Amino acid sequence: MFTPVYIVRLSSEITLKSERTRPRFERTLLRNIDYALRRHGVRGYRVRVVPGRIFIYGATGIERILTRVFGVHSVSPAVECSFNSLEDLASKAEEYFRDYVKGRTFAVRPHRFGKHDFTSIDIARVVGSKLKPYSRGVDLENPEVEVYVEVRGGKAYFFKEIIKGPMGLPIGTNGYVLALVSGGFDSPVAVWYTWKRGVRVDIVHFDLAGLEQVYYALRVIKKLIDEWCYGYEPKIIIVDFKRIVKLILERVREDLKQIVLKRLMYRAASILADKLGAEAIVTGESLGQVSSQTLRSLWVSEKPSKYVILRPLLGFDKEEIISKSRELGLYELSSSVKEFCALVRGATATWPKPEDVDEEEAKIPLDEVLEAVSNAKVYKASEIDLEKMLPWGSLEIDFIPENTILIDARSRRDYEKWHPKGAIHIDDVDFDKLDRNKVIIVYCDRGVISLVLAKQLRSKGFKAFSLRGGVERLKSCPLVSTHTLQ
Ligand code: ATP
Ligand code: MG
């Protein structure tokens, strides 16, 4: 009698659109929902669309997926049934909800669409009186549980909760941009808010300091895309800016280094946008958050860009950004993206003169930027394999990747004095049982003994590395301070 169904409510941004434009938004939302469900292996479901709602039949446990699709206002796992009178409706509601209200205070929340010979208030009244004997009484203000009854024509829908979705507009309805993403707290959140406005985003990451920086940034970017990007597969573009950073360090005035770097990033992004046909550039900059983000600095640094620079976080406090980052499940990963590029030791100019910045920027040949852009590596999100990125051509590594087995090759005494959570002492390792599919990192005092061990392990078919720089290096590795290793 009760058919399980998910009720998906469309965000008001969609339902408020004119009759003429709304179908396009609805179609895109449906396509994105389909994309999301398929990516999570959900098949064989059926969809029915009515104004402002989508009904999904024949699937279970999909609320977490649906509430991550932009354009979804909210979702309710519900049951559908037919009824032929108000009395019949109330009896069915009684059957469905009686255990739910048992021993608790409750409130009926009715909703009615179409023509009926009763009102919403009638629904609340008759359903309420049927359920009351099972319950601890009606409490409209502060009920322990809520009983939702929605009526559409001859069908009724019963549900117990309304789970909020991200709202906004479906991705793909509002143009295409490039976002500059460092992987820190701000820029991933900025991408999320850009998606929220229905924009398709490709991601540009500048490699300023080498593999470790890129590895940690990609962990964040991958998670952000895996969990929130439904509708298309973003490109991730990695631009090698290490040479440019080196030139800036050598040639540019201390207080303008950061602004010049930002300018060159904008310049590179602008060229990429030309090539890819993007319509704007997005950053995680806020206003006044740090000394390089004064209104003046933003203006001076964005000058080389022909494109509108969108800064979705402009009005956010850092605290709000961090709390959003937590909500999106990115906080831990972003906190391991340290500021790899310590460009500036002294103060940064907060009131830079455009002509000074022009002069300093001119010290870096434009060809360097052009070359960096033309050598940029473009990946599809699904092609990124963090393990493959590790420096397999070498026995040494400078950082601790995720999901590794960490082996301590120092003396037992030193091991007992301090070791990171999860590290195993070499004498306790059973090499016959050691997992050949996992990356193994061996460390010692200075990285000499570990190098010998790593070599032996490699020759036996283990995916082993020696940590360059030994235990000192280990102590500064982000995963060691923020994560369990195994
Ligand atoms: P975030 O938290 O995003 O790293 P931030 O507070 O560290 O930002 P800045 O370092 O001034 O601030 O960077 C401002 C913006 O410039 C970033 O939000 C991002 O959009 C862009 N950006 C900075 N570094 C990079 C990088 N390595 N690759 C791509 N974009 C970057
Ligand atoms: Mg940063």
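Whatever order the structure lists them in is the order used to number ligands and atoms, beginning at 1. Small disclaimer: the values here were computed from a predicted structure and weren't measured.
Both tests pass for Lys17 against the ring of Phe25: distance under 6.0 Å to the centre and angle within 45° of the axis. Figure legend: cation-pi geometry between Arg109 and Tyr148 absent, as NZ or CZ is not positioned both under 6.0 Å from the six-membered ring centre and within 45° of its axis. Cation-pi geometry between Lys475 and Trp418 is met: under 6.0 angstrom from the ring centre, within 45 degrees of the axis. For the pair Arg458 and Phe465, the cation-pi criterion (under 6.0 Å, within 45° of the ring axis) is fulfilled. For the pair Arg410 and Tyr415, the cation does not sit on the ring face, since its NZ or CZ is not both under 6.0 Å from the ring centre and inside 45° of the axis.
Side-chain contact of Ser182 with Ser187: a donor-acceptor pair under 3.5 Å is present, judged by distance alone. With no hydrogens or angles considered, no side-chain donor-acceptor pair links Thr15 and Ser12 at under 3.5 Å.
When non-hydrogen atoms are compared, ligand 1 lies under 4.0 Å from the backbone of Val181 (N, CA, C, O) but not from its side chain. At a heavy-atom distance under 4.0 Å, only backbone atoms of Val204 (N, CA, C or O) approach ligand 1.
Residue contacts with ligand 1: Gln258 is placed with no nitrogen or oxygen under 3.5 Å of a nitrogen or oxygen of the ligand (distance criterion only). The N/O atoms of Phe185, backbone and side chain alike, include one that comes under 3.5 Å of an N/O atom in ligand 1. Checked against a 3.5 angstrom limit, the closest N/O atoms of Asp186 and ligand 1 fall inside it. Checked by distance only, ligand 1 and Gly284 come closer than 3.5 Å through their nitrogen or oxygen atoms. Geometrically, ligand 1 and Met265 share no nitrogen or oxygen pair separated by less than 3.5 Å. Below 3.5 Å of separation, one finds an N or O of Phe206 facing an N or O of ligand 1.
The residue among Ser291, Pro188, Ala209, Ser182 with a heavy atom at the shortest distance from atom 4 (O) of ligand 1 is Ser182. Here the shortest heavy-atom distance to atom 30 (N) of ligand 1, taken over Val245, Asp207, Leu180, belongs to Leu180.
Every atom of ligand 1 with a heavy atom of Lys318 under 4.0 Å away is listed here by number and element: 6 (O). When each atom of ligand 1 is checked for a heavy atom of Gln293 under 4.0 Å away, the hits are 9 (P), 11 (O), 12 (O), 14 (C). Atoms of ligand 1 found under 4.0 Å from any heavy atom of Leu208 (numbered from 1 in listed order, with element): 27 (N). Interface of Gln213 with ligand 1, defined as ligand atoms under 4.0 Å from a residue heavy atom, comprises 27 (N). Residue Glu285 approaches ligand 1 through these ligand atoms, each under 4.0 Å from one of its heavy atoms: 14 (C), 15 (C), 18 (O). For ligand 1, the atoms closer than 4.0 angstrom to any heavy atom of Thr283 are 20 (O).
The shortest side-chain heavy-atom distance between Tyr379 and Lys235 does not fall under the 4.5 Å cut-off.
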Begin with the C-alpha distance, continue with both residues' side-chain angles, and end with the deciding distance and a verdict on side chain to side chain donor-acceptor pair (under 3.5 Å) for His419 and Tyr443. CA-CA 10 Å; His419 63 261; Tyr443 66 90; 5.9 Å; no

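Not a single heavy atom of Arg311 lies less than 4.0 angstrom from ligand 1.
By the 30° and 60° cut-offs, the orientation of the rings of Trp228 relative to Trp192 is perpendicular.
For Tyr45 and Phe55, the gap between ring centers reaches or exceeds 6.0 Å.
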